[in-house]
Amino acid sequence: MSNIGAIKPASVAVGQDIIFDALHTMRTHLQMEIAYLSEFVGDKLVFRALDAPGLEHIAQVGGTRDLSETYCNHILAGDLPELMSDTHDIPFAAAMPITKALPIRAHVSVPIERSDGSIYGMFCCLSPNPNSSLNQRDLGLMRTFARLAQSEVQRTLEVKAEAEATAALIETALGTRNFEMVYQPIFDLASGRISGMEALCRFKTDPYRAPNLWFDDAARVGKAELLEICVIETALAALGDIPPDLYLTLNASPETVATGRLAPILAQHPADRLVIEVTEHMQVGDWAALDRSLRALRDMGIRVAIDDAGAGYSGLQQMVRLKPEIIKLDRSLVDHIDEDRARRSLCAAMVHYATETGAALVAEGIERQEEVEVLRDLGVDRGQGYLLAKPMPLRELLETHHGAQKT
Ligand code: C2E
Ligand code: MG
Ligand code: MG
């Protein structure tokens, strides 16, 4: 079903279900053997959806026929009617080779239009047997079901067009390097000194769009790996300018980690200074591949952090499974922790878990001094947040924070 999408699987699947239901309902109502939705692509008819039990050898989804051998263009031109009870009664149809070859006797077919009025293809039912009971009411019903399919086709084409535009935008941003990296310091809460920094991406668009939206879009249109790896390579290029006592953490989705492509890229850099932050709230599709890739990274000496811990509903299970060396507590748990007993208990539980598993705990999104104090008292190792330092260009970060004491 190449042109009915494949870019946004969930919604495409819904559309296909509706189209298939429409085809099946019409086919069984008309007591015919084959129902299909076609798309015209150049001089070909492409089967986009099909209901033809037992007759799969005649047509398959994705299969094609030359449009010139089919009835379609003749129906659109008015040379053949949309409803034919018996093609043998219609000399034009009877003379066409396909009529005998398939064979086709009863045939009902109506056009499917795109939103701009151009013809997308046909919604069609056919049978090798004549059917004298076919009438205008059947044709009316066929048109109704075809409209249903048409709205699904239009919706899917819009999704596809939108995804293509998004993909093009991402490729342009990458091609023109229309982004830059900023770095947010991570402080040791006990000593107040900077211990590392997180690389965060800024896309230079007007109006500004937060990076997570870009990465979400990229994931939706199958460009996540491309975008994430390009950004990671850019962040890594600055590693030589970062003093050796500081580590650098890089964000990556589980999907990108699971590709196994990070290891060779990171291998060119000092592994003990690198941390990969895996986003906790993303669904993991292929745990085996993720486990393999994480093992390869750890074998190199790279540490793994779980990002936004405590934010997602399945997060704890993921955390147990990922066995992170660093746990980054989500901002939602840190926000006004000094005024909220529940947050404090959760944070204490995380401190306990981190201690038991030998992980370091980093609190994200610290905005108030009271939060720093509670977090430090609870035993949280490190902190990151606007109160301590905002994300900034590397040079500014090093001038302002390296060697200085913060908390
Ligand atoms: P994240 O990895 O959890 O990054 C932390 C986010 O919290 C950053 O937002 C940071 O600017 C923001 N932040 C830090 N301190 C505070 C604070 O005190 N208060 C508040 N309200 N926010 C704070 P940012 O840079 O907009 O990034 C948002 C998300 O986008 C990131 O969340 C990460 O998931 C994604 N992202 C950003 N850069 C990259 C990147 O280079 N690669 C990938 N894969 N994802 C990235
Ligand atoms: Mg992060
Ligand atoms: Mg985070």
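Whatever order the structure lists ligands and atoms in, that order sets their numbers, starting from 1.
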Taking atom types as modelled, find out whether Thr256 and Ser253 have a side-chain donor-acceptor pair closer than 3.5 angstrom.
-> yes
For the Mg ion (ligand 2), check which protein N, O or S atoms are under 2.8 Å away and list them.
-> Glu198 OE2, Asn251 OD1, Glu277 OE1, Asp307 OD2
So side chain to side chain donor-acceptor pair (under 3.5 Å) across residues 382-394, not counting sequence neighbours, yields Gln184-Gln384, Glu198-Gln384, Tyr247-Arg382, Lys328-Gln384
Can the ring centroids of Phe187 and His401 be said to lie less than 6.0 angstrom from one another?
-> yes
Have a look at ligand 1 and work out which part of [X], if any, has a heavy atom under 4.0 Å from it: side chain, backbone, both or neither.
X      : result
Tyr386 : both
Asp307 : side chain
Asp308 : side chain
Arg331 : side chain
Glu198 : side chain
Met181 : side chain

Salt-bridge present ([X], [Y]; N to O < 4.0 Å):
X      : Y      : result
Glu228 : Lys223 : no
Glu152 : Arg155 : yes
Asp335 : Arg368 : no
Asp188 : Arg193 : no
Arg27  : Glu33  : no
Glu39  : Lys44  : no
Arg209 : Asp217 : yes

Give the atom numbers and elements of ligand 1 that come within less than 4.0 Å of a heavy atom of [X].
X      : answer
Pro391 : 11 (O)
Leu200 : 4 (O), 8 (C), 10 (C), 11 (O), 25 (O), 37 (C), 38 (N)
Ile366 : 18 (O)
Gly385 : 15 (N), 18 (O)

Below the 3.5 angstrom mark, is there an N/O of [X], backbone or side chain, next to an N/O of ligand 1?
X      : answer
Cys201 : yes
Ser253 : no
Asn212 : yes
Glu367 : yes
Gln184 : yes

Where the side chain of Ser118 meets the backbone of Arg114, is there a donor-acceptor pair that is under 3.5 Å apart?
-> no
The ring-ring contact (aromatic ring centres under 6.0 Å, His included) partners of Tyr36 (sequence neighbours excluded) come to Phe47
Set of ring-ring contact (aromatic ring centres under 6.0 Å, His included) partners for Phe123, sequence neighbours left out = none
With under 30° as parallel and over 60° as perpendicular, where do the rings of Phe203 and Trp214 fit, or are they tilted in between?
-> parallel
At a 4.0 Å cut-off, with the gap strictly under it, does some heavy atom of Lys328 reach an atom of ligand 1?
-> no
Do any heavy atoms of Glu228 fall under 4.0 Å from ligand 1?
-> yes
